[in-house]
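Structure, as structure tokens:
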Amino acid sequence: MMMKRYLPLLLLLAACQQRVPPAAEQVGKAACCVVPSRFATTADRKDKDPENMIWVTGGQFMMGTDEKEAYDQERPAHPVKVDGFWIDKTEVTNEAFKAFVDATKYVTVAERKPTWEEISKQLPPGTPKPDDALLIPGSMVFVAPDHPVSTEDISNWWHWVAGASWQHPEGPGSNLDGRWKHPVVQIAWEDANAYAKWAGKRLPTEAEWEYAARGGQAEKRYAWGNEFKPGQKYMANTFQGHFPDKNSGEDGFKGTAPVASFPANAYGLYDMTGNVWEWTADWYDASLYKKASLRTAEVDPKGPASTYDPEDRYAIKRVTKGGSYLCANDYCVNYRPSARRGTAFDSGASHIGFRCVKDKTNDSNKTILVQNK
């Protein structure tokens, strides 16, 4: 049983398992979503209003949630203050990531041959070394089964595919034709961090990301309010139908969508929930919020000093936020600002991407595009 549980890691799959909490919009129980800086230089950018970014004025907000219809690691809600920052309007696209690769010749984690030395760091002591033939470049690909399956076994829809990478999201034979404006996927944390440094930016802290995602909507369930489909209009790219075998695509997409296909939040930011999960700078600690002060606001928190997940004790995880096109109302209801999960730092998948932030500049002529009221 131990080997079966950790076999995905032997193939570089990072997985988390969570129970879906009870909620009126859910139709059954399920387990949560899973997954499973070399060459980096600073881009030559002028110190002025960054292109395609939004300025978000800092302030105080309630991070996390007290909702019963949420996962345990999101509770309790607690006060946090953040300073102002610039943030990308959209998730980083395939087009933008290609510019980075063309300029730097960067090779992503999925495109490198893995080593047992690195993999074994996230496995229980004594785990047998796999055959060298299994240690080949590749990544995790979502493959919808052709019939209903148990949601207790992630291997029913997550497949390790040799040769899968950001350029070939579903593996050899797939490409980015028609998807240059889609968010880049199959990105590990190291890849996202390298891009951010090259672009003269950085990855957002979890607090910054959630503050921006809320768009000034204090303690609302979604990035746009408390109603999932206001006026029967889809507000994010999620999964409709029966997970994982039947995505009806009622929102117009069965996979990733071009960025900005859905309405922006009140700050002018697109796809803060849905489409793809987004990497943050923080280590993941499932119990972090339970240690937070409920009275005194922490200022610009940078996350814990180390990673902790009681359900996956050996994995080394960073926080991902926002949910993805694979989040459904009967499975992984994570298309909410407070939702958070840990993802193994060295793992990419079909539904993981990122966006960047940039610290405020000293340019007094800077145009403030968004202010928190």
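The residues of the chain are indexed from 1 along the displayed sequence.
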> Taking atom NZ of Lys233 as the centre, does the number of heavy atoms from other residues, nucleotides or ligands within less than 6.0 Å exceed 12?
Replying inline: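 No - once you tally the heavy atoms of other residues, nucleotides and ligands closer than 6.0 Å, there are 12 at most.
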Over all heavy atoms of both residues, which pair between [X] and [Y] is shortest? Give the atoms and the distance, please.
X: Lys358; Y: Pro50; answer: CD-CG, 3.5 Å
X: Val185; Y: Val276; answer: CG1-CG1, 3.7 Å
X: Gln122; Y: Ala344; answer: OE1-CB, 3.7 Å
X: Trp157; Y: Ser150; answer: CZ3-O, 3.6 Å
X: Glu91; Y: Val259; answer: O-CG1, 3.7 Å
X: Ala339; Y: Asn334; answer: CB-OD1, 3.2 Å

Quick one: pull up [atom1] in [X] and [atom2] in [Y] and give me the separation to the nearest 0.5 Å.
X: Tyr335; Y: Thr273; atom1: OH; atom2: OG1; result: 9.5 Å
X: Tyr289; Y: Thr65; atom1: OH; atom2: OG1; result: 10.5 Å
X: Leu326; Y: Tyr331; atom1: CG; atom2: OH; result: 8.5 Å

When you measure from the side chain of [X] to the backbone of [Y], do you find a donor-acceptor pair of N or O atoms at a distance under 3.5 Å?
X: Arg318; Y: Ala281; answer: yes
X: Asp191; Y: Val109; answer: yes
X: Asn94; Y: Gln167; answer: no
X: Gln186; Y: Pro169; answer: yes
X: Lys302; Y: Asp282; answer: no
X: Gln240; Y: Ser248; answer: no
X: Tyr211; Y: Gly59; answer: yes
X: Arg336; Y: Ala70; answer: no
X: Asn237; Y: Gly255; answer: yes
X: Thr93; Y: Ala96; answer: yes

> Would Arg202 and Asp359 count as a side-chain contact (heavy atoms from CB on, under 4.5 Å) if you check the C-alpha gap in whole Å, the side-chain angles of each, and the deciding distance to 0.1 Å?
Replying inline: CA-CA 8 Å; Arg202 60 178 173 81; Asp359 293 322; 2.6 Å; yes
>> Which residue in the set Arg214, Glu67, Lys220 passes side-chain contact (heavy atoms from CB on, under 4.5 Å) when paired with Ser338?
In response: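 Option passing the side-chain contact (heavy atoms from CB on, under 4.5 Å) with Ser338: Arg214.
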>> Here's a test for you: under side-chain contact (heavy atoms from CB on, under 4.5 Å), which of Trp277, Phe354, Tyr195 qualifies with Ile187?
In response: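 So, applying the side-chain contact (heavy atoms from CB on, under 4.5 Å) to Ile187 and each of Trp277, Phe354, Tyr195, only Phe354 qualifies.
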> Could you give all pairs that pass the side chain to side chain donor-acceptor pair (under 3.5 Å) test and reach residues 169-185, with sequence neighbours left out?
Replying inline: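 For residues 169-185, and leaving out neighbouring residues, the side chain to side chain donor-acceptor pair (under 3.5 Å) pairs sorted by first residue read Glu95-Lys181, Glu170-Arg179, His182-Thr256.
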> What pairs of residues pass the salt bridge (charged side-chain N to carboxylate O under 4.0 Å, His left out) test when at least one of them lies in residues 249-259, not counting sequence neighbours?
Replying inline: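 Of all non-adjacent pairs touching residues 249-259, none passes salt bridge (charged side-chain N to carboxylate O under 4.0 Å, His left out).
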> Which pairs with one or both residues in residues 139-148 pass salt bridge (charged side-chain N to carboxylate O under 4.0 Å, His left out), sequence neighbours excluded?
Replying inline: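 Residue pairs passing salt bridge (charged side-chain N to carboxylate O under 4.0 Å, His left out), neighbours aside: none found.
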Which atom pairs, donor and acceptor, lie under 3.5 Å between side-chain atoms of residues 76-84 and protein residues at least two apart or in another chain?
residue, atom, partner, partner atom, Å
His78, ND1, Met63, O, 3.3
His78, ND1, Pro76, O, 3.0
Asp83, OD2, Lys360, NZ, 3.3

> Out of Glu206, Glu74, Glu210, Gln73, which one pairs with Arg340 under the side-chain hydrogen bond (donor to acceptor under 3.5 Å, both in side chains) rule?
Replying inline: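 Running side-chain hydrogen bond (donor to acceptor under 3.5 Å, both in side chains) over Glu206, Glu74, Glu210, Gln73 with Arg340 returns exactly one hit, Glu206.
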>> side-chain contact (heavy atoms from CB on, under 4.5 Å), that's the test. Do Asp88 and Lys201 meet it? Break it down for me.
In response: CA-CA 10 Å; Asp88 289 344; Lys201 304 178 185 180; 2.8 Å; yes
> Stepwise, does the side-chain contact (heavy atoms from CB on, under 4.5 Å) test hold for Thr320 with Trp209?
Replying inline: CA-CA 10 Å; Thr320 48; Trp209 191 99; over 6 Å; no
> Which residues pass the side-chain hydrogen bond (donor to acceptor under 3.5 Å, both in side chains) test with Asn247, sequence neighbours left out?
Replying inline: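 Per chain and number, Asn247 pairs via side-chain hydrogen bond (donor to acceptor under 3.5 Å, both in side chains) with no residue.
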Distance-only side-chain donor-acceptor flag, [X] / [Y], under 3.5 Å:
X: Arg341; Y: Thr343; answer: yes
X: Asn275; Y: Tyr270; answer: no
X: Glu278; Y: Thr280; answer: no

Students often mix this up, so state it plainly: with edges at 30° and 60°, are the rings of [X] and [Y] parallel, tilted or perpendicular?
X: Trp158; Y: His351; answer: tilted
X: Tyr325; Y: Phe142; answer: perpendicular
X: Phe239; Y: Phe243; answer: perpendicular

> After noting the C-alpha distance and the side-chain angles of Trp116 and Leu135, does the key distance pass the side-chain contact (heavy atoms from CB on, under 4.5 Å) rule?
Replying inline: CA-CA 8 Å; Trp116 174 239; Leu135 301 179; 4.3 Å; yes
Does [X] reach the side chain of [Y], with side-chain heavy atoms less than 4.5 Å apart?
X: Phe228; Y: Tyr234; answer: yes
X: Met272; Y: Pro337; answer: no
X: Pro148; Y: His242; answer: yes

> Does a side-chain N-to-carboxylate-O contact under 4.0 Å join Arg112 and Glu118?
Replying inline: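 So Arg112 does not pair with Glu118 through a salt bridge.
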> Is a salt bridge present between Arg355 and Asp271, judged by a nitrogen-to-oxygen distance below 4.0 Å?
Replying inline: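 A salt bridge is absent here (no side-chain N lies under 4.0 Å from a carboxylate O).
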>> Is it the case that the ring center of Trp166 lies less than 6.0 angstrom away from the ring center of Tyr106?
In response: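 Ring-ring flag for Tyr106/Trp166: false, centres at least 6.0 Å apart.
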> Does Phe262 have any ring-ring contact (aromatic ring centres under 6.0 Å, His included) partners at least two apart in sequence or in another chain, and if so, which?
Replying inline: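 Residues passing ring-ring contact (aromatic ring centres under 6.0 Å, His included) with Phe262: Phe253.
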